[in-house]
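Read the structure below first, then the notes.
Only heavy atoms go into these numbers, but all of them, side chains included; no hydrogens, no water, no symmetry mates. Residue numbering restarts at 1 for every chain, and letters A, B, ... go by the order of the sequence lines.
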Amino acid sequence: MPKILCIAEKPSIAKAVAGILSGHTAQVKSTASKYTKNYEFNFDFGPPWGKSQVVMSSVAGHTTSYDLPKEYGAWANYPCSIPFEAPCEITIDDDKKAIAANIARNAKYSQVLYIWTDCDREGEYIGTEVRDIARKENPRIQVKRANFNNLEPNHIIRAACNPVDLDERQAAAVAARIELDLRIGAAFTRLQTLKLRSIHGIDPKKVISYGSCQFPCLGFIVDRYHKITRFVTERFWSIKVTHVRDNVPVVFNWARNRLFDRMAVTLLFEQCLTAKKARITKVDQKPTRKFKPLPLTTIELQKKGSSYLHMSSDAVMKTAEALYQKGFISYPRTETDQFDKGMDLRGLVQKQTQHTTWGQYAQGLMDGGFSQPRDGKNNDKAHPPIHPVICAQPNALSLDEKRVYEFVTRRFLACCSSDAVGSTTTLTLLWGNETFSASGLTVLERNFLDVYPYERWTTNELPLFREGEEFEPTEAQIMEGKTSPPTFITEPELIGLMDANGIGTDATMAEHIKTVIDREYVFAKERGGGGGNAAPATRGRGRGRGRGTRGGAAAAGGEGGGGGTGVREFVPSTLGLGLVEGYDDMKFDVNLSKPFLRKEMEVKMKQICEGQKTREEVVRESLAMYREVFDKAEQQIAVLRRVNSIILNLRRLLTFD
DNA sequence: GCAAGGTC
């Protein structure tokens, strides 16, 4: 019988696939690595191999590292530009040596290496890592890969019997990304660190890093900060009409909302007063609903963790990872917001009926309340939306775990519930030539809201008005207000921007945010709370004229994008501000703190995948471009130093240190 | 002592 070695990207996939192919009869053998196990069984792959002896195991993500050789570790001994030209090497990480050895040992006696890494770009590259390790031990080993995107048994069996080849282009695109991220990141990091640390006020032990994701992340935070400091407030006026009926004051909002011209508002107001009586021209009553949430993705978990649970996105991910390891929730890294039609959702709901807090609600779903979840637009074809796997009672979990598990579970139960149902009434009031409106809401069925307290939807009933009736409003006045600047960027907003601009992946965005905090480029503070070491005002150039969107109008009910108190928000430090402004002042064609460069990298990776460019071309072109920027930055390092000195001095003048 | 991406 041929011997076939199967390697998955992570232990959970190896276990699942081995279970399916062996009919759950595989022998489990431990390996030198504490993370991976070998599953041994026989399987008939059909032609050309037929019935084979299989060892199924896994790696744990990447096995190799791409880095400069050790001797370049002495930064001061080389020019800062050395990472652009030094030869780099691929090594096996110390903590991955046991995994590599397991592959090598089993490859030695196998005819075929069958790769089962995730079917995405990184998976393709990880597949080439595995191949290279195996070929080193057994150069004649045949290499194939499985084409699969879910763990449904028939799908896995079909994938096993229809091997394909590794996609060399996708792997090459990742190899290009790895090389560029390292060379560019290392070069700029050395430049910034070695040339700026001597400025008084910068900690000489600190690394001042540059990276293709952390810098745009910083850029978003600085950008918002500038919008705040450069904001020019404007005064505006509006007309507010209140009519008391049945002892309830009903506020009618002006259709024009507000005008930035006091005289115009005064004239329009006088016309209303002249008309004396106002008339209800329309009473519109219609059913409405509040949609239940979509199935939970990683990005949504991070955003909501920040705004609902008041945890950092980084902590949310670490906690979710722990819950996954303990088997309480499903795999926490997924882009999918649709549940597979074949999934036993009722079975999962049934398990939650045991829970002391929401068990009764889950029972209600089992007793007829169940409703198929909505489908979002995303499907990574690898993992289902995040959901609870087993029922975990609160005392089995740590404090953070309890909160994340509770959110994941409530979200899941909300997904399996019905939308909330209500009825809105909208009154249209004509007074003189001006139109006003008021609206009320009656919640008829709360449904998912009963298990999902993170969202609010409350009844606000209007007294009865009849179409055509006329009255003199109880009170009318001109209101004055002024536009206010935006607020500091919140964590959910930042994650949203990074996601929209392709900065990092769903699994790494939280880390990039943590990096800019650790580097002291930005400070995180709680909205509403004091503290935080805020940067001083910037120099007075380029005062933008903004017309704010906030101000007088009362906020509508509902969740609002990260508005609750306690959400984390970010303020740039003097150093973070100095770095971004310093590069701005150099006026390069390319802006290092904007997301365009990362987008360009993404485009070039696609070109490699489609065969329009080779890995070598892309690396050569990109390195040449960044090298040019780097040389200019080095020549103009005085600008970067000056900007940072100015800002640091300003800070000393404006604060107490 | 540098990056970003997998995953443990």
Side-chain angles (χ1 to χ4, degrees), chain A residues 8-14 31 33-37 58-70 72-78 80-84 86 88 93-96 98-99 117-118 120-130 170-171 173-194 197 203-217 298 317-318 320-322 324-326 331-333 382-383 498 502-516 518-519 592 597-598 601-602 605 622 626 630:
Chain A
E9 185 164 320
K10 43 191 166 262
S12 62
I13 299 282
T31 72
S33 158
K34 61 179 166 181
Y35 302 117
T36 63
K37 290 195 165 54
S58 76
V59 288
H62 287 273
T63 308
T64 63
S65 287
Y66 183 85
D67 207 349
L68 293 165
K70 266 203 193 71
Y72 295 102
W75 293 11
N77 295 351
Y78 299 90
C80 295
S81 60
I82 195 71
F84 277 113
C88 286
D93 305 342
D94 279 343
D95 57 339
K96 300 291 172 63
I99 289 175
T117 50
D118 298 353
D120 52 28
R121 273 191 323 221
E122 293 295 330
E124 228 58 42
Y125 180 84
I126 292 169
T128 64
E129 291 182 314
V130 173
Q170 287 193 51
V174 171
R177 199 256 317 142
I178 289 172
E179 180 171 356
L180 289 171
D181 277 340
L182 173 73
R183 291 189 185 276
I184 296 163
F188 277 93
T189 299
R190 289 174 181 214
L191 180 73
Q192 292 178 169
T193 305
L194 297 180
R197 68 165 33 148
D203 182 350
K205 291 186 294 294
K206 202 156 63 186
V207 170
I208 305 174
S209 62
Y210 172 86
S212 61
C213 289
Q214 53 176 272
F215 240 60
C217 176
T298 304
M317 281 311 288
K318 286 211 164 65
E321 177 70 31
Y324 164 67
Q325 294 298 334
K326 294 180 186 172
Y331 191 67
R333 289 184 280 274
H383 303 285
M498 292 175 74
I503 304 302
T505 67
D506 51 358
T508 61
M509 280 185 288
E511 288 171 37
H512 299 313
I513 295 173
K514 185 171 183 296
T515 299
V516 295
D518 289 347
R519 297 289 186 217
L592 294 173
L597 289 171
R598 186 76 212 181
M601 173 101 82
E602 200 57 38
M605 285 174 78
S622 293
Y626 274 93
F630 180 91

Exercise. If you measure from the Lys or Arg side-chain nitrogens to the Asp or Glu carboxylate oxygens, is any gap between A/K10 and A/E122 under 4.0 Å?
Worked result: no
Exercise. Checking all strands, does A/L180 fall into the base, sugar-phosphate, or nothing category for heavy-atom contacts under 4.0 angstrom?
Worked result: nothing
For this session: Would you indicate what A/P83 reaches in the nucleic acid, counting non-hydrogen atoms under 4.0 angstrom: base, sugar-phosphate, or nothing?
Result: nothing
Exercise. OP1 or OP2 of B/dA3 sitting under 4.0 Å from any side-chain N/O of A/R190?
Worked result: no
Problem set entry | Under 3.5 Å: donor-acceptor pair, side chain of A/S58, backbone of A/A8 | no
Exercise. Counting only side-chain N and O atoms of A/H62, is one of them less than 4.0 Å from OP1 or OP2 of B/dA4?
Worked result: no
Exercise. Base, sugar-phosphate, or nothing for A/F188, non-hydrogen atoms under 4.0 angstrom?
Worked result: nothing
Exercise. Tell me: OH of A/Y125 to P of B/dG6, nearest whole Å?
Worked result: 13 Å
Seminar exercise, completed: Picking from B/dA3, B/dC8, B/dT7, the nucleotide nearest the side-chain atoms of A/Y324 would be B/dC8
For this session: Please report, rounded to the nearest Å, how far the C1' atom of B/dA3 is from the CD1 atom of A/I208.
Result: 16 Å
Problem set entry | Minimum-distance nucleotide to A/R197 side chain [options: B/dT7, B/dG1, B/dC2] | B/dG1
Problem set entry | Closest listed nucleotide, where the reference is the side chain of A/R598 and the choices are B/dG5, B/dA3, B/dC8 | B/dG5
Exercise. Any luck finding a side-chain donor-acceptor pair between A/S212 and A/R598 under 3.5 Å?
Worked result: yes
For this session: Look at all strands and tell whether A/G73 reaches a base, only sugar-phosphate, or nothing, counting heavy atoms closer than 4.0 Å.
Result: base
For this session: With the side chain of A/E9 defined as its heavy atoms from C-beta on, choose the nearest nucleotide among B/dG1, B/dG5, B/dG6.
Result: B/dG6
Exercise. Taking only N and O in the side chain of A/R333, is any of them less than 4.0 Å away from OP1 or OP2 of B/dG6?
Worked result: no
Exercise. Which nucleotide in the set B/dC2, B/dA4, B/dC8 lies at the smallest distance from any side-chain heavy atom of A/D181?
Worked result: B/dA4
Seminar exercise, completed: In whole angstroms, the gap separating P of B/dC8 from CD of A/E511 amounts to 14 Å
For this session: Starting at atom CZ of A/R121, determine the distance to atom C1' of B/dA4, rounded to an integer number of angstrom.
Result: 12 Å
Exercise. Which atom pair, heavy atoms only, marks the closest approach of A/A86 to A/R183?
Worked result: O-NH1, 2.7 Å
Exercise. Can you check the A/M601 CE to B/dG5 C1' distance for me, whole Å?
Worked result: 12 Å
Exercise. Looking for any heavy atom pair under 4.0 Å, which part of the strands does A/R183 touch: base, sugar-phosphate only, or nothing?
Worked result: nothing
For this session: Check if the side chain of A/D67 and the base of B/dC2 share a donor-acceptor pair of N or O atoms closer than 3.5 Å.
Result: yes
Problem set entry | First of A/T64 and A/I99 reached from the 5' end of DNA chain B, by closest nucleotide | A/T64
Exercise. Under 4.0 Å between a side-chain N or O of A/T505 and OP1 or OP2 of B/dG6?
Worked result: yes
Exercise. Is a side-chain N or O of A/T31 found less than 3.5 angstrom from the main chain of A/T36, in a donor-acceptor match?
Worked result: yes
Exercise. Whole Å only: how far is the CD1 atom of A/I178 from the C1' atom of B/dA3?
Worked result: 11 Å
For this session: Kindly say if A/R519 contacts the phosphate of B/dA3, meaning a side-chain N or O under 4.0 Å from OP1 or OP2.
Result: yes
Exercise. To the side chain of A/V207, which of B/dA4, B/dG1, B/dC8 is closest?
Worked result: B/dG1
Problem set entry | Whether A/F188 and A/Y626 hold their rings parallel, tilted or perpendicular, with breakpoints at 30° and 60° | perpendicular
Exercise. Is the A/F630 ring parallel, tilted or perpendicular to the A/F84 ring (thresholds 30°, 60°)?
Worked result: perpendicular
Seminar exercise, completed: When rounded to whole Å, the CG to P distance for the pair A/D506 and B/dG6 reads 7 Å
Exercise. Contact class for A/G211 (heavy atom, under 4.0 Å): base, sugar-phosphate, or nothing?
Worked result: sugar-phosphate
Exercise. For A/I503 and B/dA3, what is the distance between atoms CD1 and P respectively, to the nearest whole Å?
Worked result: 16 Å
For this session: Output yes if the stacking criterion (under 5.5 Å between centres, under 30° between planes) is met for A/W75 over the base of B/dG1, else no.
Result: yes
Exercise. Is the shortest side-chain N/O distance from A/Y331 to OP1 or OP2 of B/dT7 below 4.0 Å?
Worked result: yes
For this session: Would you tell me if any nitrogen or oxygen in the side chain of A/S209 comes within less than 4.0 Å of OP1 or OP2 on B/dC2?
Result: no
